[in-house]
Asks: 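Mind having a look at this structure? Questions to follow.
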Amino acid sequence: MKTVISIPELRAARAELPGPVGIVPTMGYLHEGHLSLARRAREECASVVTTIFVNPTQFAPEEDLDAYPRDLERDLGLLDEVGVDLVWMPTPEVIYPENFQTWVVVEDLTQVLEGASRPTHFRGVTTVVAKLFNVVQPQKAYFGQKDAQQAVVIQRMVKDLNFPVEIVVCSIVREPDGLAMSSRNAYLDPAQRQAATVLSRSLNAAKDAFQAGERGADQLRAIVMDIVNAEPLVALEYISCAHPETLLELDGSIERALLSMAVRVGKTRLIDNLVVGG
Ligand code: PAF
């Protein structure tokens, strides 16, 4: 496995790789969720490139950029075990040279859900992902369903800007007790970690109700809300029952929906989601 930092080094190494090339963009501190993306890419592509870059532009000033967990040595060991060919670990200066002022913005899809409370987040994500695609020139790119809105936004960007990249969205990987894997789980103390199971518990309760015949969008949101509100260590930020592609909030009776939520457990913000109705 080769590791590179600069764009000239990356381009030279990329030129040697047989296609199709799959990219797995990450911010490091890898867990089973990331590794499942890398393994899927390994199965489907002749070459796999992983990027490790804690992208400053997707963090708001009050968010956890400096505290974001990092363990490069461990990450490289894990990627090597999966059989990744090339790891690109650019510095912020490589991605954002002095006087950088060009942004990629997906409009309506980024105003809701995560975008409503994190207004500059998706501009940072789409800009960095567009740059990673431009430099690495992959044929396939792997993202997790855990960040459901991110996957929808990137699919829109790829269509709108004609990137010749197939986006592959992989299922959420969960801990045995249901908590979705996230680098941010590392911030939780034992009591918070236990309380954090309320995300998947409440979403599953709504899914069970849907499977038992409940179709009311308000009712499904209320099921999640009541369970989260009964957990004193967890504060609900939002629970959404939205169209899985437009991300617009649904009313009345639904056939298919993305149920997604964000909570705070102490200072840690956690998200989770599931799709009901296929
Ligand atoms: O999902 C992430 O880890 C990040 O948003 C991504 C896609 C690597 C862009 O920085």
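Both counts, for ligands and for their atoms, begin at 1 and track the order of listing. Note that the numbering runs from 1 along the sequence shown for the chain.
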Asks: Would you find a donor on one side and an acceptor on the other, under 3.5 Å apart, between the side chain of S240 and the backbone of L113?
Replies: no
Asks: Looking only at protein heavy atoms, which one is nearest to atom 3 (O) of ligand 1, and what is the separation?
Replies: M27 CG, 3.6 Å
Asks: Please list, in number order, the atoms of ligand 1 under 4.0 Å from a heavy atom of V128.
Replies: 9 (C), 10 (O)
Asks: Output side-chain donor-acceptor pairs under 3.5 Å for residues 76-90, partner residues at least two apart or in another chain, one line each.
Replies:
residue	atom	partner	partner atom	Å
D85	OD2	R42	NH1	2.9
D85	OD2	V48	N	2.7
W88	NE1	I5	O	2.8

Asks: Shortest non-hydrogen contact from V169 to R40?
Replies: O-NH1, 4.4 Å
Asks: What residue and heavy atom of the protein are closest to atom 1 (O) of ligand 1, and at what distance?
Replies: Q150 NE2, 2.8 Å
Asks: Is it the case that the side chains of N55 and Y68 hold a donor-acceptor pair, with the cut-off being a distance below 3.5 Å and no angle test?
Replies: no
Asks: Just do the salt bridge (charged side-chain N to carboxylate O under 4.0 Å, His left out) check on E237 and R118 with the steps written out, would you?
Replies: CA-CA 12 Å; E237 206 171 274; R118 307 180 72 194; over 6 Å; no
Asks: Just jot down the ligand 1 atoms closer than 4.0 angstrom to any heavy atom of Q58, in number order.
Replies: 4 (C), 5 (O), 9 (C), 10 (O)
Asks: Hey, is the main chain of L109 close enough, under 3.5 Å, to the side chain of Q149 for a donor-acceptor pair?
Replies: yes
Asks: Under 4.0 Å from a heavy atom of F143: which atoms of ligand 1 are those, numbered in the order shown and with their elements?
Replies: 7 (C)
Asks: Select one of side chain, backbone, both or neither to describe which atoms of T51 lie under 4.0 Å from any atom of ligand 1, heavy atoms only.
Replies: neither
Asks: For P25, counting its heavy atoms only, list the atoms of ligand 1 lying under 4.0 Å from any of them.
Replies: 8 (C)
